[in-house]
Amino acid sequence: MSTAAPARPASAPRGRTPFAQAVGIVAQREVMTKLRSKAFLISTLLLLAAVFAGVLLSSYGPQLFGDSDTRVAATAQTASALEGVEGYEVEVLGSEDAVRDAVEAGDADAGVVQGDGPSGLVVLGDREAPTDVLQALSVQPELQLLDPNAPDPLLTYFIGIAFGIVFFSSAITFGQTIAQSVVEEKQSRIVEIMLATVPARAILAGKVLGNSLLAFGQIALIAGVVLLGGAVTGSQLLLDGLGMPIVWFVALFTVGFVMLAALYSAAAALVSRAEDLGSASSPIMMLIMIPYILVIVFNNNPLALQIMSYVPFSAPVAVPMRVYLGTMEWWEPLLSLAILVASTVAVILFAALVYERSLLKTGAMVKWRDALKR
Amino acid sequence: MLSLHAISRSFGGHRALSDVTFDVTAGRMTGFVGANGAGKTTAMRIILGVLAPDGGEVRWDGRPITADDRAQFGYMPEERGLYPKMQVKEQLVYLARLHGMDARTAAARADDLLERLGLGERGGDTLESLSLGNQQRAQIAAALVHDPTALVLDEPFSGLDPMAVEVTLEVLRDVARSGAPVLFSSHQLDVVERLCDELVILAHGQVRAAGTRQELRERHSSPEWVLETDDAGFVRGIPGIEVLEFDGGHVRFAADDAAHADRVLREAIERGSVRSFAPSVRPLTEIFQEVVR
C-alpha cells in the first residue's frame, strides 16, 4: 500500500462550483439514474406501443370488425336493383323460396324479392331489420350539413380523457420519481454532504430540471407516436384536428410539470422516510387529479372549460381541448401559457424555501407552515 | 488554519454551544472529544455551513470563512449517507464533480482512494451490496475524493474493524501531511489518544480543554514518576517528594521537579537494582473524566 501523500493539484484553489454547473451535474444524475432503470425503459416502451396501437385501432378498427361485405340473396329479377350499390355481395338465386331459405339458414344476411309496394321490392331479414340494406334501397331526401366540421361530442369526450390520462399519468410518474429522489437523499443523509458542497437551490433546480426533461421527453415521444400513427393511417382527425392541440399540450405540460415537480420536491423534503411520502404528496396528487376529472365532466361545458384553461393546474388539459373545439381566440392559449409561467415561477420560489428549510429537519413529518419558519 | 471563534447556537430553549473557541491547526490531526450531546455534531455542521451559528464566526486562515472555502472541505457527517443503489465509484465521481472537479480527475482520484482503502475491486458495486465496514470506507473516500483543503469527520472510526482503522488512519495522516487541518470526533478515547496531535474536549456545549496531548497532560496532572525496585520505602524520606502510592517495591510519587525525581533514582541505584523508573503518564480517559465533570 502506498503511503505517499496524495498529490495536490498544482492549480489554484478551486472556488465553489458555479450554480449552473452544479444544477447540470445534479440533473445529469437524475436523468442517467432513470434511463438506466430497466423498469422505466420497459414501461415507457409499453406505453408508446399502447398509444401507437390505440391510434391504429381507432383508424382501422371499424374496418377490422366490419370488413366482410353484407351478403344479400336476390332473385334474378331483383338483383338489378342492387347493382351499383357498394359493399354488398349479391348472390342470385333461382327462386323467391330459395332466397327465403338462404336468409333463414343464415347463408345470407338479407334477401331481396319482388313485392307489391311502390318500390316493387321486399327486403327480407331473419330476426332484425337489415337497416343498411333498407337504407341502400331507400330513396333519401337531399341532405345539407350546416357545420360539417363540428366536433363529434363522443370524440370530444374521448379526446378529453386521452389528454387527461396522459397528463396525469406522466405528472404522477415523474412527480413520484422526483419525490423519491428527494427522500432518498434525505433518508440516506447524503443531502448533508451535498449541502456542505452546493446550495440547496442548486440541488432542487437540478432535480426539477432533470425530471422535467424526462417528462418532456416522454410526452414528446407520445405526441410523436400519435402524430406518426396519424400519418401512417392518414387519419384527418389526427393530422388536421389534433395537431395544434397536441403542440399546445406539450408546451403547457412542460411548464406545468416544472411547477408540479417543484411542489413534489418541497413535499418530499418535509418527510424523512419513504413511507411518509404518500401522505405528504397527496395534496399535490389532488391538484393533478381534479383537472383530469373536471375536464371529463365538463368537456361540453364551454364556460367551465374556459375558466379551467386559465387555472394553472388545469390549463395543460383544458387549453388543448378548447383549441381542438375551436373555441379559443388565437391569443388565449398564449395568455394561459403566460399565467402558467408566472405561477410556476411563484411556486418554484415557494418550493425552494420549503425545500431549503426542511432538508435537515428529520424525524416526524414537517408541517408546511413550520417548514417556512426558520 | 481553521478557527471557531465564540460560536454559540441554541435549538429552541436548549443551548447546544456557548462561546466555543478553538483552532484546528493546518497539517495536524485534531481530536474532538465529548460525551453524546456535548455539541460536537452541531459544531461540525456549523463549520461546514450546514447550520448557521447564532453568534460568533468560523475563520479560515484568519478571515471569515466563505462558501468558496467551504466548498473545498471534506465532510463526513455523523449520520452516514451515500446513495444505496448507486455504484460506489460513480457516486464518488459525482460528489467530486459537485465539488468542482472535472470528471476525469475525479475518476482517477476515486480509483486511487478505493485502492488505498482496500475497496479497489468494489468500485462497480452498489453501496448497499457492501458490508457495513466497507460502506464506512466508501464514506471516508467520499469525504476525500475532491482532494479537500480541510477535513471534518464526525466519528470516522465507529464501525470500523482494527484493520480498517489503521488503513483509514494512514489515509487521514496523508491528508494532514499535505497541509490540511483535520478535525475528527470520536468516543473512543484510546484511539484519539493514540492518533491525534491536538485535542479539544467539549462538555455541555463548552470547550473544557484544548491543546496538544502533552499540554493537556501537563496542565491536568502534576509530574509523577513510578519506581520499581526491591524496597522502595526510602522514598518517603527524601525531601520534595510526595508519595502517592506505595506497595513494597512499587512506588508512585509526585516531585516538585525532575531534579528531585533524579535524586530518587540515584538513591535507588545505590540501594539495589532498579527494575523500572519512568514518568507516570496519566491516561487521557482520566483527564477527560476530570475536565468534563
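A note on names: the letters A, B, ... follow the listed sequences, proteins ahead of strands, and every chain is numbered from 1.
Taking 4.0 Å as the cut-off between side-chain N and carboxylate O, Lys89(B) and Asp111(B) count as a salt-bridged pair. Under a 4.0 Å N-O distance rule, the pair Lys85(B)/Glu184(A) does not qualify as a salt bridge.
Using a 4.5 Å cut-off between heavy atoms, Arg173(B) does not touch chain A at all. Proximity to chain B is absent for every atom of Gln187(A), based on heavy atoms less than 4.5 angstrom apart. Heavy atoms of Val191(A) lying under 4.5 Å from chain B are absent altogether. Neither the backbone nor the side chain of Met76(B) comes within less than 4.5 Å of any heavy atom in chain A.
Annotation: maximal heavy-atom pairing with chain B below 4.5 Å, among Leu195(A), Val198(A), Ile193(A), occurs at Ile193(A).
A donor-acceptor pair under 3.5 Å is absent between the side-chain atoms of Thr25(B) and the main chain of Arg28(B), judged by distance alone.
No more than 12 heavy atoms of other residues, nucleotides or ligands lie within 6.0 Å of CZ in Arg369(A), so this atom counts as exposed by the packing criterion. Atom CD of Glu121(B) is surrounded by 12 or fewer heavy atoms from other residues, nucleotides or ligands within 6.0 Å.
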